[in-house]
Amino acid sequence: MQDSAAICDFPPKKQALLHEILERIADKWTLLVIEALDGEGVLRFSDLQRRVGRVSHKMLTKTLRQLERDGLVTRHVHAAVPPRVDYKLTLLGESLGESVCGVWMWVGQHMPDVERARRAYDRKGERRSASVGTGSPASRQSST
């Protein structure tokens, strides 16, 4: 892994692209679309929408256009009635999928830890809310 000082020394144009790509993969749908396409070869829009789940037609279209613009997905429109559109990961898209695969692995490995931390945090929040509700000045100060 590159050290963070080397990343900070990127020229401005490279830093801008880095930030754009981070924004792209950090959005709600991009990684889910890449995951759905990974290993599938070609998927029709409706099949892709089913695999991603709960994504609107408009948002999936927007996400796919952004991925196509970045060279991560190809789009092929078939001259048919009704029109048929297929999507496929490019080699660049596959390599991005491989690069972020560690996130899926991390979640799989640390899911119990995150769930435990969330429960502990939520319990603290419940205690804080209960103490604020008592109205005592001491409990109000401890909650800030």
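Note that this is a predicted model, so its numbers are computed, not measured.
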Report yes or no: do [X] and [Y] belong to one cluster of Ile/Leu/Val/Met/Phe/Trp/Tyr joined by side chain heavy-atom distances under 4.5 Å?
| X | Y | result |
| --- | --- | --- |
| L92 | L22 | yes |
| L67 | V77 | yes |
| V42 | V85 | no |

Does any non-hydrogen side-chain atom of [Y] lie less than 4.5 Å from one of [X]?
| X | Y | result |
| --- | --- | --- |
| L17 | F10 | no |
| E68 | L64 | no |
| L96 | I25 | yes |
| V114 | W106 | yes |
| V73 | L89 | yes |
| K62 | K58 | no |
| M59 | T63 | yes |

Least distance between heavy atoms, [X] atom then [Y] atom:
| X | Y | value |
| --- | --- | --- |
| D70 | R24 | OD2-NE, 2.7 Å |
| Y87 | R75 | OH-NE, 3.3 Å |
| R54 | W29 | O-CH2, 3.3 Å |
| G97 | I34 | CA-CG2, 3.9 Å |

Supply the atom-to-atom distance [X] [atom1] to [Y] [atom2], rounded to the nearest 0.5 angstrom.
| X | Y | atom1 | atom2 | value |
| --- | --- | --- | --- | --- |
| R127 | D122 | CZ | CG | 11.0 Å |
| L48 | L37 | CG | CG | 5.0 Å |
| R119 | K124 | CZ | NZ | 14.0 Å |
| L18 | E23 | CG | CD | 10.0 Å |

Fill in: Geometric class of the H76/H78 ring pair [parallel <30°, tilted 30-60°, perpendicular >60°]
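Ring orientation, 0 to 90° scale: perpendicular.
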Worksheet entry | Worked verdict on E94 versus L91 for side chain to side chain contact (heavy atoms under 4.5 Å, CB included) | CA-CA 5 Å; E94 288 175 7; L91 291 176; 3.7 Å; yes
Item to complete: Kindly indicate, with the supporting measurements, whether the criterion side chain to side chain contact (heavy atoms under 4.5 Å, CB included) is fulfilled by E40 and R51.
Response: CA-CA 11 Å; E40 289 301 313; R51 287 193 61 142; 2.8 Å; yes
Item to complete: Evaluate the salt bridge (charged side-chain N to carboxylate O under 4.0 Å, His left out) criterion for residues D47 and R50: first the C-alpha distance (whole Å), next the side-chain angles of each, then the deciding distance (0.1 Å), finally the verdict.
Response: CA-CA 5 Å; D47 295 330; R50 251 189 312 281; 2.4 Å; yes
Worksheet item: Charged N to carboxylate O below 4.0 Å: is that the case for R116 and D113?
Response: yes
